[in-house]
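Have a look at the structure below before the remarks.
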There are 2 protein chains.
Amino acid sequence: MSDRSRRIPEATVARLPVYLRSLAELLEDKTATVSSERLAEMAGVNAAKVRKDLSYLGSYGTRGVGYDVEYLAFQMSRELGLTHDWPVVIVGAGNLGQALANYGGFKERGFPVAALVDADRAKVGQLVHGVPVHHLDELPVLKERLGIAIGIIATPAVAAQDVADALAEAGIGSILNFAPAVISVPEGTSLRKVDLALELQILSFYQEHRDTEGV
Amino acid sequence: MSDRSRRIPEATVARLPVYLRSLAELLEDKTATVSSERLAEMAGVNAAKVRKDLSYLGSYGTRGVGYDVEYLAFQMSRELGLTHDWPVVIVGAGNLGQALANYGGFKERGFPVAALVDADRAKVGQLVHGVPVHHLDELPVLKERLGIAIGIIATPAVAAQDVADALAEAGIGSILNFAPAVISVPEGTSLRKVDLALELQILSFYQEHRDTEGV
DNA sequence: CGGGCTTTGTGAACATGTGCACGTGTTCGG
DNA sequence: CCGAACACGTGCACATGTTCACAAAGCCCG
């Protein structure tokens, strides 16, 4: 099981970055080993889940001791593909696109913003936070030249599907969609979405039901 | 089942806003009725799921015909608690907080930014996109005066837990956390998170495995 | 007014995810 | 060298979520 045959469940993959962040904190504190219980507390889950999740990566723990923080962090980084940077392109140089380009957290975590792209030629040539704006048509060229594998859609909803098509066409296989629209991508392309209003609407549901049905 | 006893599953709740957005599009097109199949296509899910999800709201469809767009949209808005606005407070007037305050999508969808709050007194009194910055200590007052039920955490990770505590303390029962940190909230408080770097790391995992294991 | 067509609503099978409980390997004190 | 405490790894039962497949219900047309 812990050998080559592993296929890591989606739910586990989604938690790995949380564990990794906790491990990074422990590294800063010079903590050498950590138990599943401690890690669970830091990651906000329960200990059994931590152990099961980590077991998909291999048997990296030691019974009676715990996990070696540095070694586990390394293995996890390797599994997540974070041993090297992933340059990203942001499509859409409007409010949202510029805000994202200005956000330092990306580069810091290994996702430097290599390029900005927009369909509006008036914006081409501008510099946003030191990153030049190119035209959408240049995607394939930029992808090859800068080794871009991840595209971020920061356009209005109506343009999102076209942009997704352009990204896929250019061979960019991972897409993070900020536009409030459902988009479809070809088989083999990864798609994740971040929808702020949607999150608020979900909160609204629970708030409303608490108010209404509460004692 | 379709009576009063329904308790809507989490997974369904998370999809309702997507359906609602699709219904809004249909309304603009003056479409009177819609089938589960069409709605499924628009929402990017399968038709059986749409029918099951909608059945939790009640039996609002007509066999052989479909769903009345306007009526369904109304019922769904009611269920989601979107028949009135939900003023929100953004905590943290830094880069992210300001960008969020500037983002028009919130107000448009019924979540006006009623106040900005920061722990740094130097920022208090500033205007961001027409919204004044208050001090963190004023949360309880602002909550009462403006009827705020939702708080958005847009601070650095280290401050996130303290802010969450302050929000809960002030009686704000719904929290959307943008800080890259795991935070815990008291029983009865809703918490959702948006973590950009985490999303990219998940994409990185799949990208890496596609590259490595692909034929 | 009856038969055929459409589309919902839902029971049941299946898939995925979670959490307990415990066997097993490791450490350490005496 | 032994026993007790510790903590991982995992089998198993349970909970949640997804999909299929079909009966029931409504519409339309001749």
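Worth saying up front: this structure is predicted, and the values here are computed from it rather than measured. The sequence lines fix the lettering, A, B, ..., with proteins before strands; numbering per chain opens at 1.
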To the nearest angstrom, the CG-C1' distance between Leu72(B) and dT7(C) comes to 15 Å

Which pairs of donor and acceptor atoms, one on a side chain in residues 97-115 of chain A, lie under 3.5 Å apart (sequence neighbours left out)?
residue	atom	partner	partner atom	Å
Gln98(A)	NE2	Ala93(A)	O	3.0
Asn102(A)	OD1	His129(A)	ND1	3.0
Asn102(A)	ND2	Gln98(A)	O	3.0

Are any non-hydrogen side-chain atoms of Leu139(A) and Val89(A) less than 4.5 angstrom apart?
-> yes

The side chain of Ser55(B) lies closest to which of these nucleotides: dG17(C), dT18(D), dG9(C)?
-> dG9(C)

Let me know the distance between CG of Leu54(A) and P of dA7(D), rounded to the nearest Å.
-> 15 Å

Show me, pair by pair, the donor-acceptor contacts under 3.5 angstrom made by side chains of residues 38-49 of chain B, not counting sequence neighbours?
residue	atom	partner	partner atom	Å
Asn46(B)	OD1	Ala48(B)	N	3.1
Asn46(B)	OD1	Lys49(B)	N	2.9

Could you list by number each residue of residues 35-53 of chain A showing a heavy-atom separation from DNA chain C of less than 4.0 Å, or answer none if no residue does?
-> Asn46(A), Ala48(A), Lys49(A), Arg51(A), Lys52(A)

Spacing between Leu57(A) atom CG and dT10(D) atom P, to the nearest angstrom | 12 Å

Taking OP1 and OP2 of dG17(C), is either one under 4.0 Å from a side-chain nitrogen or oxygen of Tyr56(A)?
-> no

Does anything in residues 183-195 of chain B pair up under salt bridge (charged side-chain N to carboxylate O under 4.0 Å, His left out), and if so which pairs, sequence neighbours excluded?
-> Arg21(A)-Asp195(B), Glu199(A)-Arg192(B)

Is a side-chain donor or acceptor of His209(A) paired with a backbone partner of Glu79(B) at a separation under 3.5 angstrom?
-> yes

With B for base contact, S for sugar-phosphate-only contact and - for none (protein heavy atoms under 4.0 Å), nucleotides 25-30 of chain C reads BBS---

dC6(D) phosphate, OP1 or OP2: any side-chain N/O from Tyr67(A) under 4.0 angstrom?
-> no

Could you pull out all residues at least two apart from Ser174(B) that satisfy side chain to side chain donor-acceptor pair (under 3.5 Å)?
-> Gln207(A)

Between Leu176(A) and Val194(A), is any pair of side-chain heavy atoms under 4.5 Å apart?
-> yes

Ring centres under 6.0 angstrom apart (Tyr60(A), Tyr67(A)) = no

